[in-house]
2 protein chains.
Amino acid sequence: MRISAKADYAVRASAELAAATDGRPVPAEALARAQDVPHRFLEAILSDLRREGIVASRRGANGGYVLARPADRVTVADVVRAVEGPLVFVRDARPSDLEYTGSAASLLHVWVALRVNVRAVLESVTLADLASGTVPDVVRDLTADDGAWVNP
Amino acid sequence: MRISAKADYAVRASAELAAATDGRPVPAEALARAQDVPHRFLEAILSDLRREGIVASRRGANGGYVLARPADRVTVADVVRAVEGPLVFVRDARPSDLEYTGSAASLLHVWVALRVNVRAVLESVTLADLASGTVPDVVRDLTADDGAWVNP
DNA sequence: GAGTTATCCTATCGTTCCGATCGGATTAAA
DNA sequence: TTTAATCCGATCGGAACGATAGGATAACTC
């Protein structure tokens, strides 16, 4: 269950955009420097985000990127989906499309529950949250316990 | 966030093993047929599971595989970790090892919360649960809502 | 219009992972 | 000795991943 570099970069760049208060477009290179991401690579990612309606772009001098929607209306899940596709999938199929037999029958419930819990986190956090440096209560509560920060 | 075929197969084969009540080892081929998985591929997977201490094996006639621990002491998370590594990782690093700056600072909390929620599901389900066709309350509750079963 | 600043598009590249298969060595029971 | 299994290492085609490059296009400034 990995979050790709692409998704990570995409969220970070979007957060940076959300933090740019004045309405002026931010060039890809400025975002790349702010988040220390290869700027050619980031450009490709921003292209995806534009195609998916997360950001809007303006070309030429004084050009760059802007969020296509208000920052509090774009969730981390939106951004991840834009570059990675469905949040959770098993063997390239969505959980709901799987069929299990025999002793694995209830495994389907497990994957569906997993997706619910993933959504609960990623859909609760907006780019406005990230830009303001705060996190919603759900996230705060989940990370409150020390065990949350410990590796396996 | 994908669950690989390998992990899916691994969990299904383990569940099948948990369902084999008599203590006799089950040959890889029987597991493969029961769960409709390429049996040469499954053999490689079972090899991983053995190295990770999830299953034990016996060679020769009447050989096959057995769970190394009681079925109610092996979780789905254990099996997934055995074949895929850490449950959640971002850009090949564990969340706790990441560093974020600027507007992405609180993104770390998001990934950690994500991992907590993933663990909450996968560590709650044991192979005994799967074998008996039941799911723990956590999973039942999460999948109770209709929205859980709907795609994006 | 010339120069400059950007996005945009397409192509490529090397590496790794993924899903899967094969041949043969080894072990154990009948 | 035969038969039934695991075990080990190699290989394979294809896809994905992370990243880079060249040039076309657009828009603003002077």
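Numbers restart at 1 for each chain; the letters A, B, ... are given by sequence-line order, proteins then strands.
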Any base atoms under 4.0 Å from B:A28, or only sugar-phosphate, or nothing? Heavy atoms, all strands. sugar-phosphate

Of all heavy-atom pairs linking B:S106 and A:D129, the shortest is OG-O, 4.4 Å

From NE2 of B:H39 across to C1' of C:dG23 the rounded distance in Å is 13 Å

Here the distance between atom P of D:dT6 and atom CG of B:L17, to the nearest Å, is 11 Å

Go through A:L114 and B:V118 one step at a time and tell me if the side chain to side chain contact (heavy atoms under 4.5 Å, CB included) criterion holds.
CA-CA 6 Å; A:L114 176 68; B:V118 168; 3.8 Å; yes

Atom CZ of B:F89 and atom P of C:dT16 are separated, to the nearest Å, by 16 Å

When you compare the protein's N or O atoms with those of nucleotides 8-10 of chain D, which come within less than 3.5 Å of each other, and at what distance?
residue : atom : partner : partner atom : Å
D:dC8   : OP2  : B:R50   : NH2          : 2.9

Rounded to whole Å, the CZ-P distance (A:R24 to C:dA6) equals 11 Å

Atom NZ of B:K6 and atom C1' of C:dT16 are separated, to the nearest Å, by 13 Å

The residue, A:L42 or A:N62, whose nearest nucleotide of DNA chain D is more 5′ is A:L42

ask   = So, is B:Y65 close to the D:dC7 phosphate, meaning a side-chain N or O under 4.0 Å from OP1 or OP2?
value = yes

Rounded to whole Å, the CG-C1' distance (A:D48 to C:dC8) equals 13 Å

Of A:A61 and B:E29, the one whose closest nucleotide on DNA chain D sits nearer the 5' end is B:E29

Practice item. Could you check whether A:R2 gets within reach of a base, just the sugar-phosphate, or nothing at all, counting any heavy atom under 4.0 Å? Key: sugar-phosphate

To the nearest angstrom, the CZ-C1' distance between B:R91 and D:dC17 comes to 13 Å

Could you check whether A:N117 and B:R119, counting side-chain N and O atoms only, form a donor-acceptor pair closer than 3.5 Å? no

Looking at B:V135, is its backbone amide N or carbonyl O close enough to the side chain of B:R140 to form a donor-acceptor pair, meaning the two atoms are under 3.5 Å apart? no

In B:V79, B:L130, B:T126, the residue satisfying side chain to side chain contact (heavy atoms under 4.5 Å, CB included) with B:V74 is B:V79

Quick note, side-chain hydrogen bond (donor to acceptor under 3.5 Å, both in side chains) partners involving residues 78-88 of chain B, not counting sequence neighbours, are B:S4-B:E84, B:T75-B:D78, B:R81-B:E123

Evaluate the side-chain proximity of A:V121 to B:H109: yes if any heavy-atom separation is below 4.5 Å, no if none is. no

Rounded to whole Å, CD1 of A:I45 lies from C1' of D:dG18 at a distance of 9 Å

Comparing nearest nucleotides in DNA chain C, the 5'-proximal residue of the pair A:G60, A:S57 is A:G60

